[in-house]
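Notes for the one structure printed next.
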Amino acid sequence: MKTQLTKLLNDAVATLQAEGTLPAELAPEVMIERTRDRAHGDYASNLALMLAKPARCKPREIAEKLVAAIDPDEQLQKIEIAGPGFINFFLDNQAWHSVIDDILAQGDLYGRSDYGKQRRIQVEFVSANPTGPLHVGHGRGAAYGAAVADLLAAIGYNVHREYYVNDAGRQMDILAASVYLRYLELCGATLTFPANGYQGDYVWDIAASLHRAHGEALQHPVEAVFQDVPADEPAGGDREAHIDAIIARTRTLLGQIRYRLVFDEGLNAILGNIRQDLEEFGVRYDEWFSERSLSDNRSVEAAIERLQRSGHVYEKNGALWFMSTDFGDEKDRVIVRDNGQSTYFASDIAYHANKLERGYDRVIDIWGADHHGYVPRVKAALKALGDDPDRLDVLLVQFAVLYRGGEKVQMSTRSGEFVTLRELRREVGNDAARFFYVMRKCEQHMDFDLDLAKSQSNDNPVYYIQYAHARVRSVFRQLQEKHLNWDRDAGSEGLSILLESHEQDLIISLSRYPEVLETAAIHHEPHQLTHYLRELANDFHTYYNAHTFLVDDTKVRNARLNLIEATRQVIENGLGLLGVSAPDTM
RNA sequence: GCGCCCGUAGCUCAGCUGGAUAGAGUACUGGCUUCCGAAGCCAGGUGUCAGAGGUUCGAAUCCUCUCGGGCGCGCCA
């Protein structure tokens, strides 16, 4: 309909240009919008306002000329000029009815499109370090990333969902050391756990399974582990130096193979836990990309060499620096430390180079907002490598701040004081969690009131929408109990009698769904879908209260059942894209 | 100090990316069911869109500055 109106207006402009009323050199972009208020018709265009200046003419005069030049169309009931010069299109009441047939025919495909033309997009999200369970902050990234990926897939992109596993690097070594120390404690040793170690209970669990699998075979005297280790922070020393020394000692004592055993025990346990968590949360991936693989296959070295060849690398104080300031970054960044170790940033350069090499038309990174300072240097690196940094979109998700009993819940992975995603899911359910997480724009801070979310009170908009779905199911159950039947084809034949205002509103809302999907996907804004679904549910509940569907008049009954079944279908489709279930009963 | 994000009704947030009288939920008050699920519906009002300039036919939306809040500014990841 929109494209049809656009064509009508374009033709009108051409007509006026041909007769010299409008300057021929104008090439206006015709904008057609849904009206916010039905008093303004169904669609409106600001074309006359746009043309006013270049045509040196009053907007309302142009509007009148345009309207006069528009070819008649049977779908159009009338055209009005309003306000400063808007052209308002009023569609025939029956113009919308066909959407009901479309929905029932297309089923769960309704709303999908080929806008993306199967262009390939990679979406990388969550990618939390496997050093502990996912917490509620990761949950938002998971829900948001999954929704964005599903939305893009729904409008015809070929989406590749990826998790970058940080299975290399110092944090993982700290985890391995933490596991080993807990293991020693299980063997009966007494020691002071490092301030910088991972203190969560899950570390005990990993140590316990290590102990079950290997008994005391990996044991070394505590004195040996702490030999020549500088004091920890509580003892007046440096916490970083302390833990690094413990890692080094653990490595030496265990040797390469056994150290890897401990390391992998931690990695596999936690990664397995993360994968299960996401799976249960309805978040699925096409690929789990290992950071370690980048160093194993020398991709990191290769990336560093490419950077060196680009001429934007120099040496200073024994370290290798990337001149990211040449590309707008605030300062230059180290890629190889003076001890020969490449930095996390170096891995990230290799990883992003790898992503682009894989030939995606577009690469989307979803990061926690605390990483925003990282964006310029990654883009700088891509530019230096001769890649197009604009192929990379970085979406930043603000943290969800938890409130419990009216107080902010402090979170720190290290200290182990955090609410896990799993706990949240158990408390409020997957549906509410998935929906709540994407209700707000990603760059908006989110206050997550645990008490409210936990309480079974129904301030929760997800129930409101699910209830609309369950209500439709219930109507059809009633239909059977009353031994009535639904003739879908007859309903389709009789759609023209759906002329009540509630029916019109509902039908128009249904017709908006594909447009909502498209804008929500293009702008990476799943919250638009949540708002839409709430409005749709509202239209349905209003209709439900105003009219009875199971009436004796079979023509009316069938048509109305077609309408509410179409509504149910759209709710199911929309909730499905958000990872929320559409229940038959509440 | 520098950079990024945010500031809209008492509270939580939308505002279709520059359009018409700035809207929802929640909270508060009152009403609606012999009838398909009342987890619902209807009615009632609230705004210095943080503030000040600027851009134009038109600004909550774009630009500049100020104020307030969050985050970031490691040879950590």
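Just so it is clear: chains get the letters A, B, ... in the order the sequence lines come, proteins before strands, and each one is counted from 1.
Paired runs in RNA chain B that reach 3 or more consecutive Watson-Crick or G-U pairs, where each pair keeps both distances under 3.5 Å, cover B:1-7 with B:67-73, B:10-13 with B:23-26, B:28-32 with B:40-44, B:50-54 with B:62-66.
Counting all heavy atoms, side chain and backbone alike, A:Asp338 lies closest to A:Ala319 at N-CB, 4.0 Å.
With B:C73, B:C35, B:A39 as the choices, the nucleotide that has an atom nearest any side-chain atom of A:Thr548 turns out to be B:C35. You'll find that the side chain of A:Tyr467 is closest to B:A38, out of B:A38, B:A14, B:A77. Of the listed nucleotides (B:C41, B:A77, B:A38), B:C41 has the atom at the smallest distance from the side chain of A:His541. Out of B:C75, B:A77, B:G37, the shortest distance to the side chain of A:Thr585 is found at B:G37.
In this structure, the side chains of A:Thr554 and A:Asp487 stay at 4.5 Å or more apart for every pair of heavy atoms.
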Atom pairs under 3.5 Å, N or O on each side, protein against nucleotides 55-57 of chain B: can you list them with distances?
{"unit_1": "B:C57", "atom_1": "OP1", "unit_2": "A:Lys53", "atom_2": "NZ", "d": "3.2"}

Are any protein N/O atoms closer than 3.5 Å to N/O atoms in nucleotides 31-33 of chain B? If there are, list each pair with its distance.
none

Which atoms of nucleotides 16-18 of chain B (N or O only) lie under 3.5 Å from a protein N or O atom, and what are those distances?
{"unit_1": "B:C16", "atom_1": "N4", "unit_2": "A:Arg36", "atom_2": "NE", "d": "3.3"}
{"unit_1": "B:U17", "atom_1": "N3", "unit_2": "A:His523", "atom_2": "NE2", "d": "3.4"}
{"unit_1": "B:U17", "atom_1": "O4", "unit_2": "A:Glu525", "atom_2": "OE1", "d": "3.1"}
{"unit_1": "B:U17", "atom_1": "O4", "unit_2": "A:Glu525", "atom_2": "OE2", "d": "2.8"}

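Because its NZ or CZ atom is not both nearer than 6.0 Å to the ring centre of A:Phe322 and within 45° of the ring axis, A:Arg377 does not count as a cation-pi partner of that residue.
Contacts of residues 532-540 of chain A with RNA chain B (heavy atom under 4.0 Å): A:Arg534, A:Asn538.
At least one side-chain nitrogen or oxygen of A:Arg471 sits closer than 4.0 Å to the OP1 or OP2 atom of B:A38. For B:G15, one of the phosphate oxygens OP1 or OP2 lies less than 4.0 angstrom from a side-chain nitrogen or oxygen of A:Lys441.
Partners of A:Asp329 by salt bridge (charged side-chain N to carboxylate O under 4.0 Å, His left out), not counting sequence neighbours, listed by chain and number: A:Arg333.
Distance noted for atom P between B:U61 and B:A50: 8 Å (whole Å).
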After noting the C-alpha distance and the side-chain angles of A:Glu124 and A:Lys355, does the key distance pass the salt bridge (charged side-chain N to carboxylate O under 4.0 Å, His left out) rule? CA-CA 10 Å; A:Glu124 182 219 321; A:Lys355 288 186 182 198; 2.6 Å; yes

